[in-house]
Amino acid sequence: MGAATDRVNALGHELYDQANRYSQTGATVPRDVLSAAAMAVSAGTGYDSETLTVLEQRVGDYLELMRALALAPNLAGYAEVIDGPDLVAGREVDFDMVYRPGVELGVGAELILGSLSAPGITFQHIDGDGRDFVSVSSAGARFEVTAVTETAIAGGGEGPGTWPVFRLAEGTVGPDSEVRFNFRRFTLPERSSASLSLPFRIRTAAGQSAVPVPIARRPVVPGPVARLELAAPYEAAPDRPVTILVRLTDTFGNLASGVFPPLDILVDGEFRTRIERGEDPAPLFELSLTRLGTHEIEVRSAGGGLSTSAFVRTTSNPRTIRWLEPQAQPTGGVQEHLLGIVDTYWTPLRDDRVADIDWRARSLAGADGFLRAGNLRAGGHWLVLSQTPLRFSPAPRRQFPDIRSLDRFDGDLLFAALPDVPYDLRLRDHRRMNLVAIQTGSGSFEWYGRRFAEMGLRTGFIGSSESLAADRHSESGRTAVQLRAGESAWDGLAAGRTWVTSGPRIHLDVSVNGAAPGSRTAASAEREIDVQVTGTAPIERIDLVRNGEVIGSRDINFDADGRILRLWLSSSTEPLNGVHDLPRNGREWIGYLRLRGGRLGQVGKRWGTDSGHLAAINPADPGRMDFITWTRGRARSFEVEIDAVEDDAYLEVVLSGGREAADQLPLTRPPAAIPSTTMVITLQELKSGVVSRQYDVAGYQDQVGVKLVTESDVPVRVNHRFSDRRKPGDVDYYYVRAIQVDDHVAWSSPVFVGGFDPD
């Protein structure tokens with residue numbers, strides 16, 4: 001297959017050259033063209049003959065597309081979202097979009113609307129009263145609309161799905177004509193942005209490659225303030241000014257818009273100062289804390305409708321914590337979105353989305369790094385971060401077709417494996433892959449970190465708000481690093497002295513025989529693991545993981561005589577049977593919990609901000625709580641009171657059937673149907689702790705658990721020591737997982753005991 005591989009590589013370079021010539025005219029290269037060129041350039045021995053044939057055909061189609069665009073640069077025409085209501089993040093709106101072709105379109109031409117990966121929208125043309133409905137009209141022309149299911153749009157890049165295709169059946173539509181798209185109950189993305197991006201393409205004739213249509217876009221603006229967040233230091237010196245930032249955000253975590261109420265600042269329950277009414281969504285204030293110890297800083301709106309708090313510990317030797325974002329998207333507004341969330345961020349460029357000429361332009365200022373976006377056969381996704389600005393010309397994919405070729409680069413680099421398309425562990429060497437992401441967007445991939453740790457090579461865990469898979473939820477990963485004297489954020493990250501959270505700024509201090517996360521310590525017969533957790537919500541449980549297995553837990557939120565039930569649901573993202581494959585997609589849970597022989601009282605406080613996580617008592621049945629939620633790698637839970645329980649009372653958990661999300665298509669096990677099931681749990685079983693049930697979903701064992709929890713206050717700060725006196729292995733690794741009652745999780749990087757670091 002050497003000749004076939006060489007031919008595909010050569011076609012990839014030719015496509016890059018075509019794209020660069022097109023870029024020099026000032027036009028924007030269709031993103032999927034660069035993606036196809038990048039894949040072809042890096043095609044190697046991992047590709048079988050069938051894959052090479054498909055890739056060769058795809059690149060050939062794009063070469064024809066680029067030649068057509070070179071002859072008619074205005075072929076696609078343009079579209080614009082016309083005046084209408086403000087586009088407020090996360091809301092449903094009605095609006096129109098007008099399209100004007102660049103050339104005359106005749107019978108058989110097609111207008112295609114793909115799906116939006118965020119917020120998970122697929123347009124439909126059947127139900128005019130339903131969500132995400134779209135219709136098309138044009139004077140003197142008639143369109144027929146069909147729903148077309150394809151593994152990918154020819155010339156497109158949305159991946160597998162079903163899209164409405166509007167085919168011109170009668171008449172013509174020319175550059176002086178107007179095609180009007182009417183959108184109804186369109187669900188806007190949850191993240192505000194400088195523009196609304198719609199995946200709109202045209203085919204001038206059936207069977208030809210689809211051409212992306214540029215859209216004059218309107219901004220998606222944040223909504224009104226819905227919650228408060230604090231960005232405070234973890235520790236501070238006494239009698240030194242402490243600067244704290246308040247984030248006033250909308251429902252989805254965007255910095256809110258509008259005029260904000262006055263905010264009262266309390267320290268340990270006593271009023272200290274006030275932030276006056278204003279329009280700044282991220283005001284700062286300063287405090288001086290005198291007494292040594294832990295202080296609660298609380299911020300309340302003057303009317304009391306909004307409140308939040310954080311803990312600051314005053315000590316004579318405060319530790320420095322930095323919050324990091326390793327792969328911020330280099331788009332407008334990135335600083336605003338990350339203000340008060342992280343202290344340091346990198347904006348690497350995707351090497352399959354930037355043409356050579358654009359890399360040269362970026363090289364003038366330098367780049368923080370690049371994200372190598374390869375499919376499974378090309379080694380998966382990996383991230384390269386640089387301590388100093390990188391200057392690449394041409395694009396790095398053309399200079400460095402694989403990770404080992406980066407040996408030629410002279411500079412300090414960090415490498416991170418990303419789970420959305422997993423890096424092939426067989427290609428890892430001890431000089432590379434210092435870091436591994438276990439949380440991207442709202443997806444959790446703890447298994448991915450374990451796979452790297454099991455190789456015995458020191459590894460640091462990281463998390464990121466960005467996900468390369470479809471992401472419908474506003475929660476997102478974070479990375480924290482503890483710095484030593486004189487260190488930069490880069491130094492701490494390079495040492496792997498990190499922990500990861502699924503969103504909030506949870507503080508997690510862990511040591512194994514005094515060794516910090518990301519390090520290696522000498523072999524010993526006994527291991528003492530010290531844990532300190534300061535949460536943003538009460539702490540549910542702390543787990544100690546050794547070599548991939550939980551060997552110790554402290555359940556802080558359990559009461560055998562409690563009158564509150566906690567129901568949790570969980571699904572794994574690990575590829576089936578541990579193979580090298582894409583992770584499993586997320587799944588929806590729809591069902592109900594019924595107490596037979598009793599009544600259910602108030603549903604507990606909804607901790608999350610996700611609109612897809614809801615529960616309520618059924619008005620027709622006081623013993624039944626209906627719920628809906630979504631999981632991708634970590635548990636989601638609900639709490640409800642139980643009342644008037646009879647001696648023979650028991651619980652039923654009834655789950656409806658459905659399907660897993662189809663954001664990606666794993667090779668070994670595609671998204672599957674979810675069977676319905678019913679589980680029965682007696683109240684007596686709950687006296688001993690968590691009662692869990694597993695049920696099969698096409699090879700996966702999804703979990704449902706129920707336990708009784710305490711009605712008293714659960715602490716947000718927990719100190720605990722685990723002792724491990726089991727027989728030591730040649731090399732053992734340990735990490736800690738801390739879970740809050742709001743289902744958010746923090747993971748420490750692993751500490752390795754025994755073994756050695758290769759040169």
Side-chain angles (χ1 to χ4, degrees), residues 117-120 159 189-191 253 323-331 334 337-338 341-342 345-353 368-376 379-385 414-423 433-452 459-481 493 498-504 506 571-575 581-587 610 630-634 636 661 663-664 666 737 743-747 749:
S117 60
E190 294 179 355
R191 180 170 174 172
W323 291 85
L324 316 176
E325 171 52 72
Q327 53 166 336
Q329 292 299 298
T331 57
V334 62
H337 281 294
L338 296 178
I341 295 177
V342 300
Y345 63 88
W346 289 264
T347 54
L349 302 182
R350 279 193 61 156
D351 73 343
D352 63 340
R353 294 186 177 176
D368 295 332
F370 66 90
L371 188 154
R372 170 65 179 274
N375 62 17
L376 285 171
H381 283 339
W382 39 278
L383 182 67
V384 178
L385 301 178
L414 286 177
F415 297 79
L418 303 179
D420 301 298
V421 182
Y423 182 77
M433 293 302 147
N434 322 68
L435 305 167
V436 55
I438 63 169
Q439 179 82 28
T440 60
S442 60
S444 300
F445 309 92
E446 186 180 334
W447 59 269
Y448 195 45
R450 289 198 304 267
R451 287 193 181 183
F452 277 77
T459 300
F461 290 169
I462 61 170
S464 172
S465 61
E466 301 300 334
S467 173
L468 302 181
D471 210 340
R472 302 169 179 80
H473 304 269
S474 56
E475 299 167 349
S476 56
R478 300 280 179 261
T479 303
V481 61
L493 187 62
T498 60
W499 69 91
V500 175
T501 84
S502 56
I506 304 168
S571 63
S572 172
T573 55
E574 183 170 9
D581 199 354
L582 297 173
R584 181 193 183 191
N585 294 302
R587 62 154 292 180
D610 180 5
W630 180 93
T631 60
R632 192 169 190 238
R634 63 184 175 91
R636 302 302 303 271
D663 304 328
Q664 300 185 100
R737 176 175 59 221
D743 302 323
H744 278 296
V745 183
W747 299 265
S749 287

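Numbers here are sequence positions counted from 1.
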Interatomic distance, CG@Leu324 vs CZ@Arg478, rounded to 0.5 Å, equals 11.5 Å
Do you know the tightest heavy-atom contact between Leu371 and Pro348? N-CB, 4.2 Å
The reported gap from NE2 in His381 to CG in Asp352 (rounded to nearest 0.5 angstrom) is 7.5 Å
Are Phe452 and Ile438 side-chain neighbours, meaning at least one heavy-atom pair lies under 4.5 Å? no
N/O donor-acceptor pair under 3.5 Å between Asn585 side chain and Gln664 backbone: yes
For Asp368 and Leu385, indicate whether the former's side chain and the latter's backbone hold a donor-acceptor pair under 3.5 Å. no
Could you tell me which non-hydrogen atom of Ser571 sits nearest to which non-hydrogen atom of Thr631, and how far apart they are? OG-OG1, 2.7 Å
Separation between OG of Ser572 and CZ of Arg632, rounded to the nearest 0.5 Å: 10.5 Å
Got a donor-acceptor contact below 3.5 angstrom from the Tyr448 side chain to the Tyr423 backbone? yes
Do Pro422 and Trp447 have side-chain heavy atoms sitting under 4.5 Å apart? yes
For the side chain of Ser502 and the backbone of Gln439, is there at least one donor-acceptor N/O pair under 3.5 Å apart? no
Can you tell me how far apart CZ (Arg587) and OG1 (Thr573) are? Round to the nearest 0.5 Å. 14.0 Å
Using 4.0 Å as the upper bound for N to carboxylate O, is an ion pair formed by Arg451 and Glu574? yes
Checking side-chain hydrogen bond (donor to acceptor under 3.5 Å, both in side chains) for the pair Thr498/Thr479: CA distance, chi angles, key distance, verdict? CA-CA 7 Å; Thr498 60; Thr479 303; over 6 Å; no
Could you pull out the closest heavy-atom pair between Val421 and Leu376, with the gap in Å? CG1-N, 3.8 Å
When rounded to the nearest 0.5 Å, the distance separating OG of Ser749 from CG of Leu493 is 9.0 Å
By side-chain contact (heavy atoms from CB on, under 4.5 Å), Ala437 pairs with (sequence neighbours left out) Leu418, Pro419, Thr440, Ile462
Taking the side chain as C-beta and beyond, is there a heavy-atom pair between Glu325 and Ile341 under 4.5 Å? no
State, with a plain yes or no, whether a side-chain heavy atom of Pro326 is found less than 4.5 Å away from one of Leu383. yes
Are the side chain of Arg372 and the backbone N or O of Val384 linked by a donor-acceptor pair below 3.5 Å? no
Would you call the rings of Phe415 and Trp382 parallel, tilted or perpendicular if under 30° counts as parallel and over 60° as perpendicular? tilted
Looking at every non-hydrogen atom in both residues, tell me the closest pair between Asp581 and Pro575 and how far apart they are. O-CG, 3.4 Å
Leu414 side chain reached by Trp346 side chain, heavy atoms, under 4.5 Å: no
Measuring from Phe445:CZ to Phe461:CZ, what's the distance to the nearest 0.5 Å? 14.0 Å
